[in-house]
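Here is the structure we will look at.
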Protein chains: 2
Amino acid sequence: MDKKEVTIYDIARQLGLSPSTISKGLKGHPTISQKTQRKIAATAESMGYRFNTFAANLRKNRTNTIGLIVPRLNSLFVSQVIAGIEKATNDAGYNLIISQSLEHMEKEVRNVKTMLSNRVDGLLVSLAEDTANFDHFNIFKEKSIPLLFFDRVPFGHDFPSVSINNEVAGYQVARHLIEQGAKKLVHITGNQLRNVYADRCAGFQRAIEEAGLPFTEEQLIISELSEAAGIAAASTIIDLKADGVFVSNDVCAASLMNEVQRRGFKVPGDILFAGFNNDMISRNVFPPLTTVDYPGFEMGELAAKSMLSHLNNQSDINLTENIIIKSSLVVRQSSMRG
Amino acid sequence: MDKKEVTIYDIARQLGLSPSTISKGLKGHPTISQKTQRKIAATAESMGYRFNTFAANLRKNRTNTIGLIVPRLNSLFVSQVIAGIEKATNDAGYNLIISQSLEHMEKEVRNVKTMLSNRVDGLLVSLAEDTANFDHFNIFKEKSIPLLFFDRVPFGHDFPSVSINNEVAGYQVARHLIEQGAKKLVHITGNQLRNVYADRCAGFQRAIEEAGLPFTEEQLIISELSEAAGIAAASTIIDLKADGVFVSNDVCAASLMNEVQRRGFKVPGDILFAGFNNDMISRNVFPPLTTVDYPGFEMGELAAKSMLSHLNNQSDINLTENIIIKSSLVVRQSSMRG
DNA sequence: TTGAAAGCGTTACCAT
DNA sequence: ATGGTAACGCTTTCAA
C-alpha cells in the first residue's frame, strides 16, 4: 500500500521538465512562466506530492522554525503568551515548536538539546523554576543563534529579554494592602531563583520598610504556589495572625483564601488578600480577588517580534535589549476595607 | 563569528576514522569498540558537534516525532492530556510537536499541513469546535500514516480514538439534578458538530425523557462556553425559571453561577448547577461546583501508547480501535438540596 | 572492527 | 524561461 513518496523528480518526469524548474515553479519563482506554474501545481496536487521540509532545511541550512520552551502549558498566562507568539510567527511565515520543562531544569536542558537538533532558527525561553545555572544556553552565543527570554528571565546575564517590572508590581500590591489598613503582611512566593518571585518579593519588602512596619523572615513563605500549597498555607497564615496576604499567583491565592474562609475568617473583614496574574479564577472566586494584570499576549507578541527582527536583520541579538512591559494593579473586593 | 557547523566528516578527519564509523559510534552501535566510541564521543563534545536531525530524517525517512493538535492549550484538561502524552512519548524516545487550532477548522487544516511537511510519524488530534468535514485527514489513510483522535473525535468515521462516554456522563449529570428535585432543566452546550457536546446533550435529553419531564428546544442553549458566555446566559436562565442548569464546561458554569448569584438567586437554593471537567475552578468557586471528572492524563497516555504500538508493530491502525475511558460524577454543594 | 560509496529530496548556481 | 548538477549531513549496505 505504502507507495513511495512523490518527489519533484517524479513531477519533472511526468511533465517533461527539469527538477529545478519544478522547485522554482512550486515556489512561485518569477522566472517560471505562469502557465508552467499552473501546470506544475496541478500535477503536484494530482500526484499527491508532499513537500519535504527536511531536504529543504538540509539544503538551506535554515528551518524557518522558532522554538519555544515554557515551564508549563496549563496556565492562562502562558497560553496567552503562546497566542501572541503564534500570531507574530505565523504572520511572518515561521513555524513554532513548543515544549514544556515542567518546572525542572533537567527537562529544560533536554528540551534545549532537542531544539538544537531540530535546528531552530531562534529560541524563546521562560525558565523552569529550579534552573540554577545557564550553561545549557552558552552554545547559543557560540553559534550565534538568537535566544530571548521572556517573563522568567535569568539574573545577571546579558541575554535579551521581555518582562514586566516585578519589583514595582510587588511594591504596588503591598503598598495597596498597607493603605487598606494591613499591619501584619505575609507574602507567599515561589523559588527565589526566579526573577518573577524574587523581584516581587523585593518590592513587597520595600513597601513594608517604607511604611515603617516591622518585618521578619516568617512573613515570607516559599511554596510551590499550587492549589494544594494554598490550602496548606492556611494554618501558618492564621497562626501568624496576618491581616494582609499577598500571594504570587492567583491559583494559590484563591485556594488559600477559600480555605481561610472555610475556617471561619472573613475576607476582607479579617484578612485582606491579593494575588498575581489576573487569571480567570481571580474574577470568579468569592470575594473577587485583587491581582496584577499581566499582559501575556503582548509579551508573547513582543518577544516573537523582537526575535523575528533579529532573524531578518541578521542584527546581533546579543547587543542586549531588555524590554519591560507595563503591568497594572487590579483592585477587587478581597482587599478593600470599608 | 558564525563558524561552520561541525559534521561527522570533521570528527572523522580529526580522528583519522571514517564518517560511517563516527555515525555508528555516536549511536553506540555494537560493532564499534568501546574505546573508539569513547574517543568519538569526547572529540564530538570538544568540537561542539550538533547532530543534524534533518540529514538523518531525510536519510531514514522517519522522524521519531509524533504530532499533536489540540483545540486550545489553556485548559487544565488539555494540559493534563499533554502531560500524559509526553510521558508516553518521552519514554519511547519520541519527540512531540504541539500546535493548537484555536477552535477553527481553517487553522486546523494548516496545522495538519505543517505536521505533514514535518513528516511526523503519527498524529494525535482533538478536533476544533467548528471542523465540519474531514477531508484534510484523508491523506493519512492514503499514506498510511497513523492518525488517532482523542476526546473530540469525529462522528461517523472509522478512525481510531480514545474518549469517554459523553452520552452516559451527560445522562448521569441530568439524572442527578432531577433526583435533587430539579423540574425545569436547562443545558448549556457547545457546537453540536462535536461529539463531546452532542453526546452529553443526548444524555441530558434521555434523562429528562426517562423522568417524564417536559422538554422543549429552549432548554438547550448553544454557546461558546466561555467565561463571557456564562455571564451572558444568566438572563435567559432566569427568564426560563430554570431550577437546574447543566453546563458543558466548568469555566462557563462558574461564571454563570456567579452571575446568577449576583442577581440575587440562591445556589443551590433556587437553582442547582453542574459543570463538566473537574477544572480547578470547580473546586474554588462558591458554592463548590458539581462536575464530571475527566481522566486527562490517562487519556493522553493511552492515546500515545496506542499510537506508539501501531508505530512499532507496523500494525494497521485503521483496523479501528475505539477506546472508552471511564469518567465520574463529582457531586458538590452546587447541586445538593437539603 | 572499520571503511567506501550511494542515496535521501531539495536548492542554487551557472549555463543554455 | 528552463535545465544540469553539485551540495547539504547523515545512514546503510557491502566489502575489507
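Every heavy atom of this structure was used, including side-chain atoms; hydrogens, water molecules and symmetry mates were not. Residue numbers start from 1 in every chain, and the chains themselves are labelled A, B, ... in the order their sequence lines are given, proteins ahead of strands. Every value quoted in this text rests on a predicted model; they were computed, and no experiment measured them.
Considering only side-chain N and O atoms, B/Thr21 lies nowhere under 4.0 angstrom from the phosphate OP1 or OP2 of C/dT2. Of the side-chain N and O atoms in A/Thr36, one or more sit less than 4.0 angstrom from OP1 or OP2 of D/dT2. Here B/Tyr49 reaches the OP1 or OP2 of D/dC10: one of its side-chain N or O atoms lies under 4.0 Å away. An OP1 or OP2 oxygen of C/dT2 is reached within less than 4.0 angstrom by no side-chain nitrogen or oxygen of B/Ser18.
For A/Ile40 and C/dT11, the CD1 to P distance is 12 Å, given to the nearest whole Å. Here D/dT11 presents its P atom at 12 Å from CD1 of B/Ile32, a figure rounded to the nearest Å. Separating the CG atom of A/Leu58 from the C1' atom of D/dA7 is a distance of 9 Å, rounded to the nearest angstrom. The interatomic distance linking A/Arg59 (CZ) with C/dT11 (C1') rounds to 4 Å, in whole Å. Between the C1' atom of C/dG9 and the CG atom of B/Asn118 lies a distance of 15 Å, rounded to the nearest Å. Going from atom CG of B/Asn57 over to atom P of D/dC10 covers 12 Å, rounded to whole Å. The nearest whole Å value for the distance from the NE2 atom in A/His29 to the P atom in C/dT10 is 17 Å. Regarding A/Phe54, its CZ atom lies at a distance of 14 Å from the P atom of C/dT11, rounded to whole Å.
Contacts of A/Gly16 with the nucleic acid, taken as non-hydrogen atoms under 4.0 Å apart, involve only primed sugar atoms and P, OP1 or OP2. Among the protein residues, B/Thr53 comes within range of no part of the nucleic acid, since none of its heavy atoms lies under 4.0 Å from any strand. Contacts of A/Thr7 with the nucleic acid, taken as non-hydrogen atoms under 4.0 Å apart, involve only primed sugar atoms and P, OP1 or OP2. Here B/Asn61 lies out of heavy-atom contact (under 4.0 Å) with every strand. Among the heavy atoms of the strands lying under 4.0 Å from B/Ser33 are primed sugar atoms or P, OP1, OP2 only; no base atom is included.
In this structure, B/Glu129 CD and B/Thr131 OG1 are separated by 9.5 Å, a value rounded to the nearest 0.5 Å. Atom CG of A/Asn95 sits about 8.0 Å away from atom OG1 of A/Thr63, to the nearest 0.5 Å.
Taking the side chain of B/Ala55 as heavy atoms from C-beta on, and the options C/dA12, D/dG9, C/dT10, the nearest nucleotide is D/dG9. Considering only the side chain of A/Lys27, C/dT11 comes nearest among D/dT11, C/dT11, C/dG3.
Looking at B/Arg152 and B/Glu103, a side-chain N of the basic residue comes within less than 4.0 Å of a carboxylate O on the acidic one, giving a salt bridge. Between B/Glu86 and A/Lys107, at least one side-chain N (NZ, or NE/NH1/NH2) sits under 4.0 Å from a carboxylate O, which counts as a salt bridge. Checked for salt-bridge contact, A/Lys305 and A/Asp91 miss the test: no charged N lies under 4.0 Å from a carboxylate O.
Ring centers of B/Phe159 and B/Phe140: at least 6.0 Å apart, outside the cut-off.
Of the two residues contacting DNA chain C, namely B/Arg119 and B/Lys24, the nearest-nucleotide position lying further toward the 5' end is that of B/Lys24.
A donor and an acceptor atom sit less than 3.5 Å apart, one in the side chain of A/Ser20 and one in the base of D/dG4.
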